[in-house]
Amino acid sequence: MNAAGASAARGIGFTSQRTRDRMVERLRAKGIGDEVVLAAMASVPRHLFVEEAIASRAYEDTALPIGFEQTISQPFVVARMIELIRAGRKLGRVLEIGTGCGYQAAVLAAIATEVYSIERITGLHEKARANLRPMRIANLRLAHGDGSKGLPDIGSFDAIILAAAAPTLPEALPAQLAVGGRLIAPVGVKDQALCLIERTNRGFVEQWLDPVHFVPLRGGKA
Ligand code: SAH
């Protein structure tokens, strides 16, 4: 990161490290216990992923608009989903579906060895690229396309995380988990819940968890 990038990332007042640390304390108070996830959330400057006009709200625990009728996910939900897929393990290769502005991808890259993130909307794919460029994250690859097919050529992910809700989980995805790998996805239309799938050497184990509210997963490129 260059000097200007570094000072923008450090932030002043409502975008400072102290503000970010307070967000992390609130996440802890709400039940996030994974210190690796909390440290990653403390390190990623969320205010650089939203428009300047709403940067002062970047560390509130809420989803915010990012254009194209999409939102940056609520910090608690980002932390909760990553905590669930990490399950205390070291993460190798991770796939995110729904890059949006790139925030969660940056958090994942602070935790995993290798992160792939797919976005279907061209404008958001480009926005994420621009947001992430000054951060020079070497272990993150962005792809433009329909994430419901996953990335079969890369395959064998330790974790797959969906940032958009499908009425039913796309069939192609669990098959791209490594044995011991975990997938988390919001599933449902009006009533959505987090679905956690673990691939064991005897097959897939499914669990239904918290009610959530996500933008819909859509097919094709846009
Ligand atoms: N990960 C983001 C959240 C983005 S919102 C964050 O850090 O806050 C969810 C995103 O999923 C939207 O940008 C939407 O365009 C995208 N999306 C929806 N369906 C998709 C699909 N089939 N493939 C890839 N991206 C998809």
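Remember, it's 1-based here, ligands and their atoms both numbered in the order they're listed. Just the heavy atoms: all of them, side chains too, but no hydrogens, waters or symmetry mates, feed the values below. Along the sequence shown, the residues carry numbers beginning at 1.
The contact set between ligand 1 and Tyr103, taken as ligand atoms under 4.0 Å from a residue heavy atom, comprises 7 (O). Which parts of ligand 1 touch Ile121 is read off a 4.0 Å heavy-atom cut-off, strictly below it: atoms 15 (O). Those atoms of ligand 1 with a heavy atom of Val215 less than 4.0 angstrom away are 5 (S), 9 (C). In summary, the atoms of ligand 1 found under 4.0 Å from a heavy atom of Pro216, numbered by their order in the structure, are 18 (C). Using a 4.0 Å cut-off to heavy atoms of Gly147, the atoms of ligand 1 that qualify are 21 (C), 22 (N), 23 (N), 24 (C). Listed by number with element, the atoms of ligand 1 under 4.0 angstrom from any heavy atom of Leu217 are 18 (C), 19 (N), 20 (C), 21 (C), 22 (N). Against a heavy-atom cut-off of under 4.0 Å, Glu119 is close to the following atoms of ligand 1: 10 (C), 11 (O), 12 (C), 13 (O), 14 (C), 15 (O), 16 (C), 24 (C), 25 (N). Every atom of ligand 1 is numbered from 1 in the order shown, and the set under 4.0 Å from a heavy atom of Ala163 is 1 (N), 3 (C), 5 (S), 9 (C).
Counting protein heavy atoms only, atom 12 (C) of ligand 1 is closest to Gln70 OE1, 3.2 Å. Considering only non-hydrogen protein atoms, atom 11 (O) of ligand 1 sits nearest to Gly98 CA, 3.1 Å. Closest to atom 8 (O) of ligand 1, if we only count protein heavy atoms, is Ser73 N, 2.7 Å. The shortest contact between atom 4 (C) of ligand 1 and any protein heavy atom is with Thr71 O, 3.3 Å.
Using a cutoff of 4.0 Å between basic side-chain nitrogens and carboxylate oxygens, Arg129 and Glu119 are not scored as salt-bridged.
Residue-environment remark: CD (Glu206) exceeds the threshold of 12 foreign heavy atoms within 6.0 Å. For Arg218, the CZ atom counts as loosely surrounded, since its 6.0 Å shell holds 12 or fewer non-hydrogen atoms of other residues, nucleotides or ligands.
Of the listed options Lys149, Arg120, His125, Arg120 places a heavy atom closest to atom 25 (N) of ligand 1. Among Gln104, Arg218, Glu96, the residue whose heavy atom lies closest to atom 7 (O) of ligand 1 is Gln104.
Side chains of Arg20 and Tyr59: a donor-acceptor N/O pair is present below 3.5 angstrom, by distance only. Judged purely by distance below 3.5 Å, without hydrogens or angles, the side chains of Thr122 and His144 pair a donor atom with an acceptor atom. Side chains of Asn139 and Glu114: a donor-acceptor N/O pair is absent below 3.5 angstrom, by distance only.
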Residues 75-91, side-chain donor-acceptor partners within the protein, below 3.5 Å, at least two apart:
unit_1: Arg80; atom_1: NE; unit_2: Asp210; atom_2: OD1; d: 3.4
unit_1: Arg80; atom_1: NE; unit_2: Asp210; atom_2: OD2; d: 2.7
unit_1: Arg80; atom_1: NH2; unit_2: Asp210; atom_2: OD1; d: 2.9
unit_1: Glu83; atom_1: OE2; unit_2: Gly33; atom_2: N; d: 2.8
unit_1: Glu83; atom_1: OE2; unit_2: Asp34; atom_2: N; d: 2.9
unit_1: Arg86; atom_1: NE; unit_2: Asp34; atom_2: OD1; d: 3.4
unit_1: Arg86; atom_1: NE; unit_2: Asp34; atom_2: OD2; d: 2.7
unit_1: Arg86; atom_1: NH1; unit_2: Arg89; atom_2: O; d: 2.8
unit_1: Arg86; atom_1: NH2; unit_2: Asp34; atom_2: OD1; d: 3.1
unit_1: Arg86; atom_1: NH2; unit_2: Asp34; atom_2: OD2; d: 3.4
unit_1: Arg89; atom_1: NE; unit_2: Arg86; atom_2: O; d: 3.1
unit_1: Arg89; atom_1: NH1; unit_2: Gly180; atom_2: O; d: 2.9
unit_1: Arg89; atom_1: NH2; unit_2: Ile85; atom_2: O; d: 2.7
unit_1: Arg89; atom_1: NH2; unit_2: Asp158; atom_2: O; d: 3.4

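In terms of polar-atom proximity, Ala105 is not counted as a contact of ligand 1, lacking any N or O under 3.5 Å from an N or O of the ligand.
Residues Ser73 and Phe214 come closest through the heavy atom pair OG-CE2, 4.0 Å. The shortest heavy-atom contact between Leu124 and Gln70 is CD1-CG, 3.5 Å. When all heavy atoms of Ile118 and Gly147 are compared, the pair lying nearest together is CD1-CA, 3.7 Å.
Here Asp146 has heavy atoms under 4.0 Å from ligand 1 in both its backbone and its side chain.
Residues forming a side chain to side chain donor-acceptor pair (under 3.5 Å) with Lys221 (at least two apart in sequence, or on another chain): none.
Look at Ser117 and you'll find every heavy atom at least 4.0 Å from all atoms of ligand 1. Between Gly145 and ligand 1 there is a heavy-atom distance shorter than 4.0 Å.
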